[in-house]
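See structure below.
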Amino acid sequence: MLDARYSIRSHVGGKLRASDTGEAVTLAGWVHRRRDHGGLIFVDLRDREGLVQCVFDPDASAAAFALAERVRPEWVVKLAGTVRMRPEGTVNANLPTGSIEVLVTSAEVLNTSETPPFEVDAAIETDEALRLKYRYVDIRRPEVLAALTLRDRVTQRFRKELEHRGFLEVETPILTKSTPEGARDFIVPSRLSPGRFYALPQSPQLFKQLLMVGGLERYYQIARCFRDEDLRADRQPEFTQVDIEMSFVRDEDVLSMMEDVMHQVVKEAGIDLHTPLPRLTYMEVMDRFGSDRPDTRFGIELSDLSEAFAASGFQVFAGALASGGVVKGINAKGAGAWSRGRIDALNQLAIDSGAKGLAWIAFTPDGEVRSPIAKFLSEPEMAALRSALDVAPGDLVLMVADAPAVANEVLGTVRLRVADELELPREGHSALWVTDFPMFNYDAEEGRWSANHHPFTRPWDDHLTMIESDPGAVLSYSYDLVMDGLEIGGGTLRIHDAALQRRVLAAMGLDPADTEVQFGFLLEALSLGAPPHGGIALGLDRLVMLLAGKHSIRDVIAFPKTSSGVDPLTGAPDVVAGRQLRDVHLKHD
RNA sequence: GGGGGUGUAGCUCAGUCGGUCAGAGCGCUGGCCUGUCAAGCCAGAGGUCGCGGGUUCGAGCCCCGUCACUCCCGCCA
């Protein structure tokens, strides 16, 4: 909290209270608003801690009164006066300082201000591009200040809790080496090495592993990360991770450490997190929610209806089941009266998500059945369906028949849309672990297997034999922290054996010679006494966004970029002088 | 790369069928005002209707293109 030490102030205006009555104070801050009554002027003085009403009365000081007639919003002023209780009936219950005011006896203008491009007022919603261009004005708004303050508290709490658990904070390089896997790198040309480039880190992943090899045992860093990919509300080209790594741990050690730390951290936002958190496997969340980051604050879980339709004469279902697929469905309770157009929109969403279509049966509130497919279903099948999905009048059943992965993913998408449309309450917070992700995904575009988390993830010990023979079946020691349907963090145990690391990279189709060039330093480190280790990285921006109740991480970043990666304040990125390009060997004439 | 939304005064927005249609609130400037707190009252200034082109007797409105912002898909180990 702000105090008056080391400043031209004697007190912080926003912190004055009734107990300060009678104090002679010197304050400094911004003119928030001025109410000129002709013979008496009120100025709300604003500082980081809030507003305080300052009264200019010619009887107290003619000079100060004359100055108050000139001041304008956002002027920077220094005021001296006396704190006094407000007269009967003029208390402002909306302000923490509302029971007192400062009678000003002398005043000084420290700086004037042009009329600001928008008002510094929490009540007014302003175009975000304009806010970002004048972010330094925007930051004066209490809402922005509060978000940055919460971010500070969360960050400091992480530091404190990790410090108490024996972690050392270590900085890792920003100028580093491009790696072939993962996101597109930001690259930086080198002046001293013509034609060569640094890359900005996508995360400190390899360095934190090297710190474990270095015997640091417990490391953390509030680490800036860079990824040159398209932006989203929850994605910026540079963002911050709370990066953590531990030696001599099992996966449950990382999870329980993280739960203990998170329990303390979210207290900063007034949240009581009940630990241990639920732990669900990847298989289970995909099966039940159709998402690897499920929002469990509402129901509408997926049900497997394959058994109910095992002998179905309905070709769509029978065909899917015959080719190894499933029939799965959700019950959108209360959507039974939805219009055909509304349901068609869901069907289109399902098709866009990869399904051939969405089978639906509406059970209207007055007991009718409305459906293009009900006529193909037998009475026992309908009965089994009603029972499996707990159908009541007024419900809408939505089904997908397809390969399990497709059916799950499509219904997971439809589930979220339905919840939005039904305006199901998503209050409070739900946190959980998703564990045991598959080691590899098949990348159809590139025709090869790629790492699900990253290539340094340790496969299950008893799945090692399948790395070459059946990569898709290999599970890994991996875990994501999911809050309210957002991926807040993720981590793994790492491979600490050079030979195993080579096998995994080879399984991903990396040429052995390239492997040595790209990852030779890691493989060498693993062969020089690497301890078993693992860790996790939390997305600090996303976590604070969630705790602050914001919908974009831009709201919790001091100087964010627009969705095209531009900083409207500085104008970055921008052209540079030809001289600079020649220096780094990007231009030769 | 693709799809949706938005763009009119400093800010937030309205603008009907293409024809008093350049408008409101806030802010700003000036005046009045000694208990307001989103002060009040009176007056005033303020416009490349994102930009370019087209259709039309006539375009803020219709058409084409383009730019910016934003949301989503792809992408983000």
Side-chain angles (χ1 to χ4, degrees), chain A residues 32-46 51-60 65 69 72-74 86-95 97-98 101 103 113-134 137-138 179-185 202-203 205-206 225-237 239 348-349 352-354 413 416-417 437-441 443 445-446 449-457 476 478 487 490-492 504-505 508 510 537 539 551-552 554 561-566 568:
Chain A
H32 184 67
R33 198 168 267 122
R34 190 177 71 112
R35 293 176 294 280
D36 185 346
H37 288 241
L40 189 70
I41 299 173
F42 299 97
V43 167
D44 290 335
L45 185 75
R46 189 186 66 244
L51 301 175
V52 63
Q53 172 165 286
C54 300
V55 185
F56 293 78
D57 187 330
D59 296 338
F65 184 83
E69 288 184 305
R72 291 293 180 268
E74 301 313 309
R86 290 194 186 191
E88 191 80 30
T90 65
V91 166
N92 185 345
N94 298 320
L95 288 181
T97 60
E101 63 188 13
L103 179 64
S113 171
E114 300 291 325
T115 300
F118 50 88
E119 294 168 63
V120 181
D121 190 323
I124 293 172
E125 196 61 46
T126 306
D127 178 66
E128 195 178 352
L130 191 77
R131 289 174 49 201
L132 295 187
K133 181 173 180 184
Y134 299 98
V137 175
D138 192 38
T179 51
E181 282 286 310
R184 194 176 293 113
D185 286 318
Q202 297 176 26
S203 80
Q205 181 61 38
L206 291 174
C225 305
F226 306 86
R227 294 178 189 178
D228 189 7
E229 297 291 347
D230 286 0
L231 282 66
R232 286 283 193 287
D234 61 353
R235 279 171 19 195
Q236 285 269 304
F239 61 99
Q348 191 56 50
L349 177 70
D352 293 344
S353 307
T413 304
L416 290 177
R417 175 68 64 86
F437 285 78
M439 180 70 202
F440 301 104
N441 290 326
D443 185 335
E445 208 169 294
E446 301 215 4
W449 293 92
S450 64
N452 194 335
H453 261 91
H454 54 59
F456 320 110
T457 300
S476 61
S478 50
E487 183 194 328
T492 65
V504 166
L505 291 170
M508 294 167 47
L510 265 76
H551 294 102
S552 167
R554 292 188 298 271
K561 292 172 181 61
T562 68
S563 67
S564 56
V566 168

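Any value given below was found using the heavy atoms of this structure, including those in side chains, with hydrogens, waters and symmetry copies removed. Chain letters run A, B, ... following the sequence lines, proteins first, then strands; residues in each count from 1. Please read these numbers as outputs of a predicted model, since none were measured by experiment.
For A:L416, the side-chain contact (heavy atoms from CB on, under 4.5 Å) criterion is met by A:F298, A:R426, not counting sequence neighbours.
In this structure, A:E125 reaches the sugar-phosphate backbone alone: every heavy-atom distance under 4.0 Å involves primed, P, OP1 or OP2 atoms, never a base. At the heavy-atom level, A:I41 lies nowhere under 4.0 Å from the strands shown. Using a 4.0 Å heavy-atom cutoff across all strands shown, A:P568 reaches no nucleic acid atom at all. A:Q236 comes within 4.0 angstrom of nothing in the nucleic acid, heavy atoms only. In this structure, A:P117 reaches the sugar-phosphate backbone alone: every heavy-atom distance under 4.0 Å involves primed, P, OP1 or OP2 atoms, never a base. Across all strands shown, A:D127 has heavy atoms under 4.0 Å from sugar-phosphate atoms exclusively, and none from any base.
Remark: side-chain polar atoms of A:T90 are not paired, donor with acceptor, to backbone N or O of A:R86 under 3.5 angstrom.
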Between protein and nucleic acid, restricted to nucleotides 39-42 of chain B and to nitrogen or oxygen atoms under 3.5 Å apart, what atom pairs and distances do you find?
from   : atom 1 : to    : atom 2 : distance (Å)
B:rA39 : OP1    : A:R33 : NE     : 3.3
B:rA39 : OP2    : A:R33 : NE     : 3.3
B:rA39 : OP2    : A:R35 : NH1    : 3.4
B:rA39 : N6     : A:D36 : O      : 2.7

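The phosphate of B:rC69 (OP1 or OP2) has a side-chain N or O of A:T562 nearer than 4.0 angstrom. For B:rC73, neither phosphate oxygen OP1 nor OP2 lies less than 4.0 angstrom from any side-chain nitrogen or oxygen of A:S353. Under 4.0 angstrom from either OP1 or OP2 of B:rG27 there lies no side-chain N or O belonging to A:R72. At the phosphate of B:rU70, OP1 or OP2 sits under 4.0 Å from a side-chain N or O atom of A:S563. Using a 4.0 Å cut-off, some side-chain N or O of A:R554 falls inside it from OP1 or OP2 of B:rC71.
Nucleotide B:rC32 is matched to B:rG40 when pairs are restricted to Watson-Crick or G-U wobble geometry with both distances under 3.5 angstrom. B:rG27 is unpaired under the criterion used here, namely a Watson-Crick or G-U wobble arrangement in which both key atom distances are under 3.5 Å.
Ion pair A:R235/A:E229 not flagged as a salt bridge, since none of the NZ, NE, NH1 or NH2 atoms sits closer than 4.0 Å to an Asp/Glu carboxylate oxygen. Comment: A:R33 engages A:D121 in a salt bridge, judged by a side-chain N to carboxylate O separation of less than 4.0 angstrom.
Closest to the side chain of A:D230, from the set B:rG1, B:rG35, B:rC72, is B:rG1. Side-chain atoms of A:R227 lie closest to B:rC76 of the nucleotides B:rC76, B:rG35, B:rC28. When distances are taken from the side chain of A:E119 to each of B:rU36, B:rC75, B:rG10, the shortest belongs to B:rG10.
The CZ-C1' distance, from A:R46 to B:rC37, rounds to 15 Å in whole Å. Between the CD atom of A:E128 and the P atom of B:rG7 there is a distance of 17 Å, rounded to whole Å. Summarising the geometry, the separation between CZ on A:R235 and C1' on B:rC71 is reported as 13 Å, rounded to the nearest angstrom.
Comparing A:T126 and A:V55 by the nucleotide of RNA chain B that holds the closest heavy atom to each, the one mapping nearer the 5' end is A:T126.
By the 5.5 angstrom centroid cut-off and the 30-degree plane limit, A:F118 is classified as not stacked against the base of B:rC11.
Inspection of the A:D185 and A:Q202 side chains reveals an N or O donor paired with an N or O acceptor under 3.5 Å.
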